[in-house]
Every structure is written in structure tokens, then in C-alpha cells.
Participant: 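Okay, handing you the structure first.
Each ligand, and each atom within it, is numbered from 1 in the order the structure gives. Residue numbers run from 1 in the order of the sequence given.
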Amino acid sequence: MEKEYYVDRLKIKKYSSRKEMGAAAAVEVGQMLRHLLEHKELVSVVFASAPSQNEFLDGLRNYQGIDWSRVVAFHMDEYIGLEAVHPQSFAYFLNDRLFSHVPISKFFYIDGCAQNVEEECKRYEQLLKEYKVDIVCMGIGENTHIAFNDPHVADFSDPKWVKVVDLDEASRRQQVNDGCFERIEQVPTHALTLTIPALLSGAHLFCIVPGKNKAIAVQQTLYEDISELYPSTVLRKHDNAILYLDAESASRVVMKDVT
Ligand SMILES: N[C@@H]1[C@@H](O)[C@H](O)[C@@H](COP(=O)(O)O)O[C@@H]1O
């Protein structure tokens with residue numbers, strides 16, 4: 001690691017490469033999981049599903065000493081209309097990258113094909129509240145969304161923990177740029193997402209944000225006023241949030257913030 005910074009309460013760690021960043025985040029999440037498992041019977045974790053998480057997830061699945069049989073997992077969003085077995089669903093992504101490699105106790109799916117989406121939102125909200133979120137492993141989108149809380153639907157005081165949202169064009173375009181879909185018309189228009197209060201309910205937030213396409217979003221996250229116009233700015237208010245950057249995503253971070 002090169003440097004550690006704070007902007008408000010958000011701790012920022014910058015690494016020279018994407019690989020190094022992912023490996024370091026994996027070690028710190030692994031250590032946190034082991035630590036919590038020493039004190040708790042069950043630990044619950046919310047995971048993001050995006051290529052930005054690949055190096056981190058690779059590292060985490062190889063991290064030794066985690067009793068995965070006492071870990072329950074959630075994901076933070078799912079497209080409406082895609083089943084968990086669909087290769088472009090977020091549930092599939094996490095099964096592929098992590099849960100098919102570790103003996104997880106339980107992975108709770110958001111059902112993107114639920115007949116009654118409002119009921120599905122309530123069911124998932126209840127589960128999140130029942131298990132209480134210990135750790136959130138997340139990304140930040142090019143438009144500064146967290147989960148699928150794009151600026152036009154983000155609400156820092158959302159009364160709901162899970163809701164239906166329409167995706168803005170920047171979000172859908174990013175899915176194509178990330179290689180998840182070939183054309184924007186193929187990207188679903190709606191999703192179920194954890195809201196901002198649900199994400200912030202996590203006791204420990206690990207935000208993994210590599211790549212040059214995130215440089216502006218990182219700059220906005222750190223230096224814009226904290227508001228729903230830039231949803232990820234809310235991370236600066238959380239007591240235990242760490243932002244992991246590589247040289248590319250940190251290219252617009254101002255060094256005078258070094259503490
Ligand atoms: N489904 C993903 C989330 O799980 C992810 O946290 C977020 C940020 O993703 P990324 O880091 O790729 O920009 O985008 C989408 O909402």
C-alpha cells in the first residue's frame with residue numbers, strides 16, 4: 001500500500017495496481033470475518049456483483065481460516081426478469097465467483113422473477129433485519145451509485161430497505177462497458193436493490209473501486225457535497241467504511257488529504 005487518507009470519516013487506501021488492491025481488500029475482509037467469527041455464532045455479509053469485485057473475490061475465496069459454515073450471504077441487487085440461474089444475473093455472478101468455491105452456510109437470493117415484487121422486497125428486508133448485516137463488500141458505479149441507487153432514486157432516508165428501481169442510462173451503459181451485456185437494449189431496465197439505509201446498516205463497509213473508468217466517480221465521492229446527487233458521498237458519514245483504490249481510480253484524489 002502506498003498511502004492512507006481520510007475524507008470526513010471515510011478511510012481511503014490506495015494501491016499501485018488493481019491486483020494488489022483486490023488482494024489487500026481480500027485479506028482485510030478475511031481478517032474481519034475471522035475476527036467476527038471468534039465472537040459471534042453467525043456472521044452476515046452483503047456482496048456486490050460486478051467485475052470491479054473480481055480480484056477481491058478471487059482473493060477472498062482463497063483466504064484460509066474462514067469458517068464459511070457460519071457465514072450467511074446476501075447480494076445487494078438483482079435485475080427484474082432474470083432468474084438466479086441466468087448467467088447475467090447477479091446471483092449467478094456470485095455463485096460463480098465465490099459461493100461455488102467456499103462452503104457458505106446460506107446464500108439468500110433476491111428473486112428477480114418474483115410474482116409479487118413488493119412482497120419480495122419485504123421478504124428480503126426482513127431477512128436483512130433478522131440477520132443484521134456485519135459486513136458489506138461493495139463497489140461504486142460510474143455515476144456514483146451504490147448498489148442500484150442511481151442518483152434519481154437515491155434516498156439517504158429511505159423508509160424501505162429493498163425497493164424496485166428503474167436504472168438510468170449511465171448505469172445500463174456501464175453494464176455494456178463492463179462486458180456484462182453486448183448491447184444496451186439487452187440490459188434490463190428495472191432491478192430490485194438494497195437501499196442506502198440498508199447498505200449503511202452494515203457494521204463494516206469495504207468499498208472496492210478499481211479502474212480508470214471510476215476516477216471521476218471517486219473524485220465526486222470524496223469532494224462533492226454529501227447529497228443524493230452523488231449517492232456514494234454518503235459513505236463519508238459511515239463510522240467504519242474503507243475505500244480501496246488503485247492508481248487509476250485514485251488519479252484524481254488530492255494528496256493534501258493525507259493524514
Ligand atoms: N450490481 C452492481 C452492484 O452490485 C455494484 O455494487 C454496483 C457498483 O458496481 P461497479 O463497482 O461495477 O461499478 O453496480 C451494480 O449495482
Side-chain angles (χ1 to χ4, degrees), residues 18 21-22 25 29 45-58 60 73-82 84 86-99 107-110 112 124 128 133 135-154 162-181 184 187-196 198-200 202 205-221 230-235 241-246 248-250:
R18 185 177 178 120
M21 180 223 61
V29 171
V45 189
V46 175
F47 287 98
S49 317
S52 61
Q53 310 296 300
N54 285 352
E55 294 77 10
F56 157 66
L57 292 173
D58 286 352
L60 190 61
F74 295 86
H75 54 148
M76 59 179 58
D77 41 19
E78 188 56 277
Y79 291 122
I80 290 187
L82 297 195
H86 192 289
Q88 281 156 321
S89 75
F90 294 140
Y92 184 97
F93 175 91
L94 284 175
N95 274 324
D96 184 46
R97 310 286 325 184
L98 185 61
F99 303 134
F107 173 29
F108 291 107
Y109 296 95
I110 303 173
Y124 212 68
L128 290 163
V133 179
I135 296 176
V136 181
C137 303
M138 66 200 300
I140 294 175
E142 290 175 15
N143 65 354
T144 70
H145 73 202
I146 48 179
F148 264 145
N149 296 280
D150 290 334
H152 74 292
V153 295
V162 183
K163 70 179 180 184
V164 178
V165 290
D166 64 303
L167 306 178
D168 73 12
E169 208 192 314
S171 241
R172 295 178 68 228
R173 207 175 325 108
Q174 186 192 329
Q175 302 300 323
V176 178
N177 297 342
D178 281 354
C180 301
F181 291 86
I184 192 161
V187 184
T189 55
H190 289 75
L192 295 171
T193 185
L194 268 62
T195 63
I196 290 172
L199 294 168
L200 265 60
L205 268 47
F206 296 87
C207 315
I208 295 140
V209 187
K212 65 173 182 292
N213 62 326
K214 298 295 173 59
I216 292 175
V218 167
Q219 180 183 33
Q220 291 165 334
T221 302
Y230 302 96
S232 54
T233 54
V234 78
L235 297 171
I242 306 175
L243 178 63
Y244 295 86
L245 303 175
D246 66 3
E248 291 184 335
S249 62

Participant: As a check for students: among Cys207, Ala50, Cys180, identify the option with a heavy atom nearest to atom 9 (O) of ligand 1.
Facilitator: Ala50
Participant: Identify, by atom number and element, the atoms of ligand 1 in contact range of Asp178, meaning under 4.0 Å from any of its heavy atoms.
Facilitator: 12 (O)
Participant: With a cut-off of 4.0 Å, which atoms of ligand 1 are near a heavy atom of Gln174?
Facilitator: 10 (P), 12 (O), 13 (O)
Participant: Could you tell me which atoms of ligand 1, counted from 1 in the order shown, lie closer than 4.0 angstrom to a heavy atom of Ala48?
Facilitator: 4 (O), 5 (C), 6 (O)
Participant: Phe47 and ring-ring contact (aromatic ring centres under 6.0 Å, His included): which single residue from Phe90, Phe99, Phe74 fits?
Facilitator: Phe99
Participant: Are there over 12 heavy-atom neighbours, none belonging to Glu169, within less than 6.0 Å of that residue's CD?
Facilitator: no
Participant: Heavy-atom contacts with Met76 under 4.0 Å: which atoms of ligand 1 show up? List them by number with element.
Facilitator: 4 (O), 6 (O)
Participant: Using a 4.0 Å heavy-atom cut-off, which part of Ala147 comes near ligand 1: side chain, backbone, both, or neither?
Facilitator: backbone
Participant: Using a strict 4.0 Å threshold on nitrogen-to-oxygen distance, state whether Asp58 and Arg97 make a salt bridge.
Facilitator: yes
Participant: Check ligand 1 against Ser52 and write out every atom of the ligand that is under 4.0 Å from a heavy-atom position of the residue.
Facilitator: 10 (P), 11 (O), 12 (O)
Participant: How many angstroms lie between NZ in Lys163 and OG1 in Thr193, if you round to the nearest 0.5 Å?
Facilitator: 8.0 Å
Participant: Using only heavy-atom distances, determine whether the side chains of Gln175 and Tyr79 contain a donor-acceptor pair under 3.5 Å.
Facilitator: yes
Participant: Quick one: are Leu94 and Gln53 in side-chain contact, heavy atoms under 4.5 Å?
Facilitator: no
Participant: Run the contact test for Met138 against ligand 1 with a 4.0 Å cut-off on heavy atoms, strictly below, and give the result.
Facilitator: no
Participant: Dump the intermediate steps for side chain to side chain contact (heavy atoms under 4.5 Å, CB included) on Cys180 and Gln88, then the final yes or no.
Facilitator: CA-CA 7 Å; Cys180 301; Gln88 281 156 321; 5.7 Å; no
Participant: Side chain to side chain donor-acceptor pair (under 3.5 Å) for Asn143 and Asp168? Distances and angles first, verdict last.
Facilitator: CA-CA 9 Å; Asn143 65 354; Asp168 73 12; 3.0 Å; yes
Participant: Using the ring of each side chain (for Trp, its six-membered ring), is Phe107 parallel, tilted or perpendicular to Tyr109, with breaks at 30° and 60°?
Facilitator: tilted
Participant: Might you confirm whether atom CG of Leu82 has over 12 heavy atoms from other residues, nucleotides or ligands at distances under 6.0 Å?
Facilitator: yes
Participant: Can you find an N/O atom of His145 closer than 3.5 Å to an N/O atom of ligand 1?
Facilitator: yes
Participant: Where's the contact between His75 and ligand 1, heavy-atom distance under 4.0 Å: side chain, backbone, both or neither?
Facilitator: neither
Participant: State the atoms of ligand 1, each with its element, that fall below the 4.0 Å cut-off from a heavy-atom position in Gly141.
Facilitator: 8 (C), 13 (O)
Participant: Is there a heavy atom in Lys214 that sits closer than 4.0 Å to ligand 1?
Facilitator: yes
Participant: Identify the closest protein heavy atom to atom 15 (C) of ligand 1: which residue and atom is it, and at what distance?
Facilitator: Asp77 OD2, 3.5 Å
Participant: Can you name the atoms of ligand 1, numbered from 1 with element, that are less than 4.0 Å from a heavy atom of Ile140?
Facilitator: 8 (C), 10 (P), 11 (O), 13 (O)
Participant: Which residue owns the protein heavy atom closest to atom 4 (O) of ligand 1, what's the atom, and how far is it?
Facilitator: Ser49 N, 2.9 Å
